[in-house]
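Accompanying notes for the structure given below.
Keep in mind that what you see is a predicted model, and the values were worked out from it rather than measured. Whatever order the structure lists them in is the order used to number ligands and atoms, beginning at 1. FYI, the numbering just counts along the sequence from 1.
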Amino acid sequence: MSQRISRAYKIAKTFLTYGLDEIIPAHWLPWSLRIGRYGLFWMPNKHKQKPAGERLRLALESLGPVWVKFGQMLSTRRDLLPPDIANELAKLQDKVRAFPGEQAQQLIEKALGLNHIDDAFDDFAVQPLASASIAQVHTARLKQGDDAGAEVVIKVIRPDIRADIDADLRLMETLAGILARHLPDGRRLKPKEVVKEYRKTLLDELDLLREAGNAIQLKRNFENSPLLYIPTVYSDYSRHNVMVMERIDGIPVSDVDTLMAMGVNMKILAERGVEVFFTQVFRDSFFHADMHPGNIFVSRDNPDNPSYLGIDFGIVGTLNREDKRYLAENFLAFFNRDYRKVAELHVDSGWVPAHINVEEFESAIRTVCEPIFNKPLADISFGHVLVNLFNTARRFEMEVQPQLVLLQKTLLYVEGLGRTLYPQLDLWQTAKPFLEKWMKEQLGWRAVVRSVQENAPFWAEKLPEMPTLLYDYLKSHRPQALAQQQLLAQMRDAQQRQSRQIGWAAVTCGLIISTTILYVTEQPLWLVASTAATAVLCGAVLWRRTKS
Ligand SMILES: Nc1ncnc2c1ncn2[C@@H]1O[C@H](COP(=O)(O)OP(=O)(O)OP(=O)(O)O)[C@@H](O)[C@H]1O
């Protein structure tokens, strides 16, 4: 408890000494918070001269990894933040100290049930290869099995990190609640939802079995591909807090000088980055969503025909068939400058509600997007197109779609990467044939053939069972059909009876009215009496019929 209080105190102090409270004008805050702020007079803003974005970045850096990662995530939410703050947050770097290698060794031994690390691994390096905010990586070689001798890396989650993360997340949630309540723009910025999304991403990253599963799936998707190599995960040695995988030896993609010196074909490399992305999204519906340069390497083989090596599969994105179709159609419509179609697609897909005015939406998209086309096609950023499009759509009640936000973020990474490698990269020319081919496969006779092909195994399996299924169906449905027939006949009878009663009631009423008129107009008595008698007779028949 005392730990939590001191952490809350440290966070409050950091926020105030970096003047983050001043980002919110005082008159928006309730009096209690304003008095509270005056009460903390010994924590003045010590960075007054710095812009708000920089103060926010420095504050997050000094609060540690959970906040740094949060800032990194926020930097990709260009739909929520002004560009100056988003740019500043994009500079956030993890600066974390390694934890002792001996402690990592104990964690691995405990997780894998080993008496000593040497039982499963040779040459375990106590000195970590890398140390990141959530995990630390050590090198070793496998000792047993078919892959004995293989060079591996062992990723270990930092000890006791869970408690710290939980405590910091709780504080973040409290803060988000305050912001949502007091910021005039609080509803649009959705701070509570943003923190909730962050919680999920962070907790997912803490589970290395999830990451192992993602890596295995990606490897399967790119088996024998010349584009991307995914290292093998050794599942037998993987647990929630430990993962063992093949060690790769590539050149970091950010090391452009070395790549150039090796004579790597940068054009092909850049184009392949785009191709990997579109393949993952449109072919596999499963994409690596943490494609920052630290996680991407280039193979040392074949500099003329280069391929990528990928690591860190903690965050992946998926898209369903509809999302993919609307996305591809959106891109194609956008690049054909068919803004009407873009607007209609947003409504058809349910991304914006059906009641919005499509003409106004179309015009808003044109206003925002048309200036983009003043640039040469090769300079247009797909990522920024999406950012602009979604920002506009938000004004027309588009709800945040987490899968699209992840996609947009990845696209920005991929583009940034592609243009660093090969500044003349024409993303549209690289992606267009891909999208068009995909669209063709989804629509028209090819799609029908594919759907039949996809469902053929199901029908082939069920066909021999068909006669039995049909017989069972008929047998079980016969009594039901008979009961239905009986019910129908009863209903028909009741209906006929009812219409006859209505007929008798009408005649009786008519006769009563006639008797009254005859009596009032002083007609002969015998006529009045016989009409009345007939009315009584009809009434009696009606009474009997209703009783039976
Ligand atoms: N298979 C591998 N082969 C060689 N080096 C690796 C491998 N996996 C990880 N590394 C090294 O370890 C570092 C950290 O790994 P990884 O990115 O998976 O950890 P992380 O905790 O998820 O980091 P972050 O989320 O901050 O990027 C990498 O930048 C890389 O240098």
Side-chain angles (χ1 to χ4, degrees), residues 60-61 64-73 75-76 89-99 101 104 107-108 121 123-125 127-142 147 150-159 161-162 164-165 198 200-216 218-219 222 228-235 237-238 240-255 258 288-300 307-316 406 409-410 413 417:
L60 295 179
E61 254 169 18
V66 175
W67 297 79
V68 167
K69 265 186 157 339
F70 181 64
Q72 288 169 345
M73 185 200 86
S75 73
T76 63
L89 292 183
K91 294 183 195 160
L92 280 167
Q93 301 285 338
D94 304 36
K95 281 184 227 137
V96 283
R97 228 177 292 131
F99 64 92
L107 286 169
I108 298 165
F121 302 99
D123 305 333
F124 174 79
Q127 185 65 26
L129 173 71
S131 188
S133 42
I134 305 269
Q136 184 158 301
V137 172
H138 290 259
T139 57
R141 276 189 306 109
L142 286 185
D147 296 298
E151 287 198 45
V152 294
V153 294
I154 311 176
K155 190 166 170 177
V156 197
I157 298 285
R158 285 179 169 270
I161 189 170
R162 181 64 202 243
D164 290 348
I165 287 183
Y198 178 56
K200 188 178 174 311
T201 314
L202 201 60
L203 297 187
D204 278 359
E205 272 196 77
L206 280 183
D207 185 357
L208 293 183
L209 281 184
R210 267 184 85 96
E211 183 174 342
N214 293 340
I216 292 166
L218 263 181
K219 186 170 179 70
F222 282 86
L228 174 67
Y229 181 79
I230 304 292
T232 307
V233 168
Y234 295 101
S235 312
Y237 299 102
S238 295
H240 284 293
N241 63 336
V242 170
M243 181 169 89
V244 178
M245 71 188 326
E246 175 188 350
R247 182 175 178 183
I248 53 157
D249 173 32
I251 300 143
V253 75
S254 49
D255 190 355
T258 308
H288 188 305
D290 199 8
M291 279 175 94
H292 66 77
N295 290 335
I296 305 168
F297 297 80
V298 178
S299 165
R300 292 177 191 275
S307 61
Y308 288 99
L309 311 167
I311 56 164
D312 196 357
F313 314 98
I315 309 173
V316 292
L406 214 53
K409 165 187 143 179
T410 310
Y413 276 148
L417 178 79

Per-atom contacts of ligand 1 with R247, taking only distances under 4.0 Å to non-hydrogen atoms: 3 (N), 4 (C)
Residue portion contacting ligand 1 (non-hydrogen atoms closer than 4.0 Å) for K69: side chain
Under 4.0 Å to a heavy atom of A135 - the qualifying atoms of ligand 1, by number: 21 (O)
Parallel, tilted or perpendicular: rings of F313 and H288 (30°, 60°): perpendicular
Close N or O approach (N295, ligand 1; < 3.5 Å): yes
Check: W67 and E61 side chains under 4.5 Å, non-hydrogen atoms: no
Proximal atoms of ligand 1 relative to A132 (non-hydrogen, under 4.0 Å): 20 (P), 21 (O), 23 (O), 26 (O)
Criterion side chain to side chain contact (heavy atoms under 4.5 Å, CB included) against S235, the qualifying member of V244, L209, I216: I216
Flag side-chain contact, heavy atom, 4.5 Å: I251 against F297: no
Test item: V66 and Y198 side chains (from C-beta on) under 4.5 Å apart, heavy atoms: yes
Check: R162 and L203 side chains under 4.5 Å, non-hydrogen atoms: yes
M245: numbered ligand 1 atoms lying under 4.0 Å from its heavy atoms: 1 (N)
L129 and ligand 1 - part of the residue with a heavy-atom distance under 4.0 Å: side chain
I248 N/O to ligand 1 N/O under 3.5 Å: yes
Under 4.0 Å to a heavy atom of V153 - the qualifying atoms of ligand 1, by number: 1 (N), 2 (C), 3 (N), 4 (C), 7 (C), 8 (N)
Minimum side-chain heavy-atom gap L60-L89 below 4.5 Å: yes
Test applied, side chain to side chain contact (heavy atoms under 4.5 Å, CB included); reference residue, N295; option that passes from I315, V253, D312: D312
K69 vs L202 side-chain heavy atoms within contact, under 4.5 Å: yes
Heavy-atom nearest neighbour of atom 25 (O) of ligand 1 within options I315, D249, D312: D312
Validation row: T139, E151 side chains within 4.5 angstrom (heavy atoms): no
Non-neighbouring partners of D204 that pass salt bridge (charged side-chain N to carboxylate O under 4.0 Å, His left out), sequence neighbours left out: K200, R210
Ligand 1 atoms in contact with E205 (distance to a heavy atom under 4.0 Å): 25 (O)
Residue-ligand contact E246/ligand 1, heavy atom below 4.0 Å: yes
Heavy-atom proximity to atom 15 (O) of ligand 1, best of V137, I230, I134, V68: V137
Any G314 heavy atom less than 4.0 Å to ligand 1: no
Nitrogen or oxygen of D290 less than 3.5 angstrom from that of ligand 1: no
Under 4.0 Å to a heavy atom of A130 - the qualifying atoms of ligand 1, by number: 12 (O), 13 (C)
Numbering as shown, the atoms of ligand 1 that approach G294 to under 4.0 Å (heavy-atom distance): 29 (O)
